[in-house]
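Everything on this sheet refers to the single structure shown next.
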Amino acid sequence: MSSRAGPAARSYHHGDLRHALIATAESLLAEKGVESFTLRECARRAGVSPAAPAHHFGNMTGLLTAIATLGFNELAARMDDALAASDGTPEGRLKAIGLGYVRFALAYPGRFRVIFGRFPLAREDAAFAAASRRAFDILARTIAAQPAHVGRAGPAAEADLVLAWSTVHGFANLALDGQMPFVEGADRGAAVEAMAARVIGLMSAAVARRA
């Protein structure tokens with residue numbers, strides 16, 4: 001009698017399995033979205049038992065919150081790196097963090113979808129709250145340092161914060177959803193990067209020159 005061997009079982013250390021599940025979940029979310037995402041499919045793709053995700057994260061909310069926490073920390077790191085490489089002017093710093101935001105979205109579409117999507121997240125989780133605040137504070141401080149807003153916090157600064165965030169977030173979503181046919185080509189990545197620099201540069205200049 002013949003038999004067919006099933007998929008080879010994978011051996012993970014505790015931390016490795018956690019990371020493997022997160023990476024698999026990110027890939028599935030980027031590919032299918034939350035509507036088709038299940039813990040069972042995540043476990044199957046990772047090559048582990050169906051109970052493994054629940055053992056490490058409790059439920060889907062726990063897994064998505066872990067992904068969102070990583071996402072916010074990576075987003076903050078990208079914006080911090082962009083600030084360090086900027087020309088140091090208020091306008092240059094705003095443009096830099098905007099590009100850092102878009103680059104994060106394109107590099108980590110799964111994390112981006114989770115942190116800004118309509119997903120069930122444990123927003124009271126301390127690590128998640130700290131990571132999201134860290135990323136938001138970089139934008140808030142950069143806006144507060146613009147000439148029109150130094151020492152004058154209020155509705156105008158809040159409006160520019162929303163303008164900046166809307167610009168980079170909208171651009172990132174359009175790029176991820178393939179809604180920019182005019183930047184398609186042999187080197188789509190370079191074309192998107194160049195367009196992002198132009199669009200975010202226009203927004204940054206408008207905010208910086210409002211003084």
Side-chain angles (χ1 to χ4, degrees), residues 26 64-119 121-177 179-180 183 189-211:
E26 288 185 71
L64 294 176
T65 301
I67 294 171
T69 301
L70 288 173
F72 274 122
N73 280 325
E74 180 64 28
L75 173 59
R78 293 270 177 148
M79 291 195 291
D80 274 336
D81 289 345
L83 284 174
S86 74
D87 62 13
T89 65
E91 179 180 341
R93 289 168 66 83
L94 182 55
K95 180 179 179 180
I97 66 168
L99 285 171
Y101 188 106
V102 170
R103 288 166 181 160
F104 160 75
L106 298 179
Y108 295 96
R111 294 184 188 184
F112 181 78
R113 299 291 196 195
V114 171
I115 63 178
F116 293 117
R118 300 179 69 177
F119 294 88
L121 300 176
R123 299 184 184 278
E124 71 283 0
D125 179 81
F128 170 83
S132 60
R133 174 55 59 180
R134 178 187 169 202
F136 179 80
D137 283 350
I138 295 171
L139 173 59
R141 289 196 303 270
T142 304
I143 291 294
Q146 298 302 307
H149 306 309
V150 174
R152 287 178 278 177
E158 292 170 356
D160 275 344
L161 189 153
V162 173
L163 170 63
W165 193 355
S166 299
T167 299
V168 296
H169 189 76
F171 186 97
N173 272 303
L174 288 171
L176 288 176
D177 291 342
Q179 298 299 317
M180 294 185 182
V183 295
V192 170
E193 174 86 11
M195 180 62 75
R198 287 194 290 271
V199 171
I200 295 169
L202 289 171
M203 176 274 295
S204 302
V207 172
R209 294 169 190 171
R210 196 163 290 156

When rounded to the nearest 0.5 angstrom, what is the spacing between CZ in R133 and CZ in F128? 11.0 Å
Which heavy atom of A175 sits nearest to which heavy atom of L106, and what is that distance? CB-CD2, 3.9 Å
Could you pull out the closest heavy-atom pair between L139 and A164, with the gap in Å? CD1-CB, 4.2 Å
Tell me, do L94 and M203 make a side-chain contact under 4.5 Å, heavy atoms counted? yes
To the nearest 0.5 Å, how far apart are CG in D137 and OG1 in T142? 10.0 Å
Please assess D80 against R134 for the test side chain to side chain contact (heavy atoms under 4.5 Å, CB included), listing each intermediate value before the final yes or no. CA-CA 10 Å; D80 274 336; R134 178 187 169 202; 3.5 Å; yes
Would you mind reporting whether H169 and Y101 have side-chain heavy atoms less than 4.5 Å apart? yes
Look at D87 together with K95 and state whether they make a salt bridge at an N to O cut-off of under 4.0 Å. no
Inter-residue atom distance F171.CZ - M180.CE, 0.5 Å rounding: 3.5 Å
Does a side-chain heavy-atom distance below 4.5 Å link Q146 with D160? no
Residue pairs passing the side chain to side chain donor-acceptor pair (under 3.5 Å) test where at least one lies in residues 107-119, sequence neighbours excluded: E26-R111, R113-N173, R113-D177
State, to 0.1 Å, how close V168 and G98 come at their nearest heavy-atom pair, and which atoms those are. CG1-CA, 3.5 Å
So which atom in L176 and which in P109 form the shortest heavy-atom distance, rounded to 0.1 Å? CD2-CB, 3.9 Å
With rounding to the nearest 0.5 angstrom, report the OG1 to CG distance, T65 to D125. 6.5 Å
Determine the minimum heavy-atom distance between L83 and S86, stating which atoms define it. O-OG, 2.8 Å
First locate atom CZ of R103, then atom CE of M79, and finally report the distance between them rounded to the nearest 0.5 Å. 13.0 Å
With side chains defined as the heavy atoms from C-beta onward, is the minimum distance between V114 and L121 less than 4.5 Å? yes
Hey, does F112 have a side-chain heavy atom less than 4.5 Å from the side chain of L75? no
Summary of salt bridge (charged side-chain N to carboxylate O under 4.0 Å, His left out) pairs that have at least one residue in residues 69-79, sequence neighbours excluded: E74-R78
Would the F104 and F116 ring centres measure less than 6.0 Å apart? no
Specify the closest pair of heavy atoms between T69 and A131, including all atoms of both residues, with the distance to one decimal. O-CB, 3.8 Å
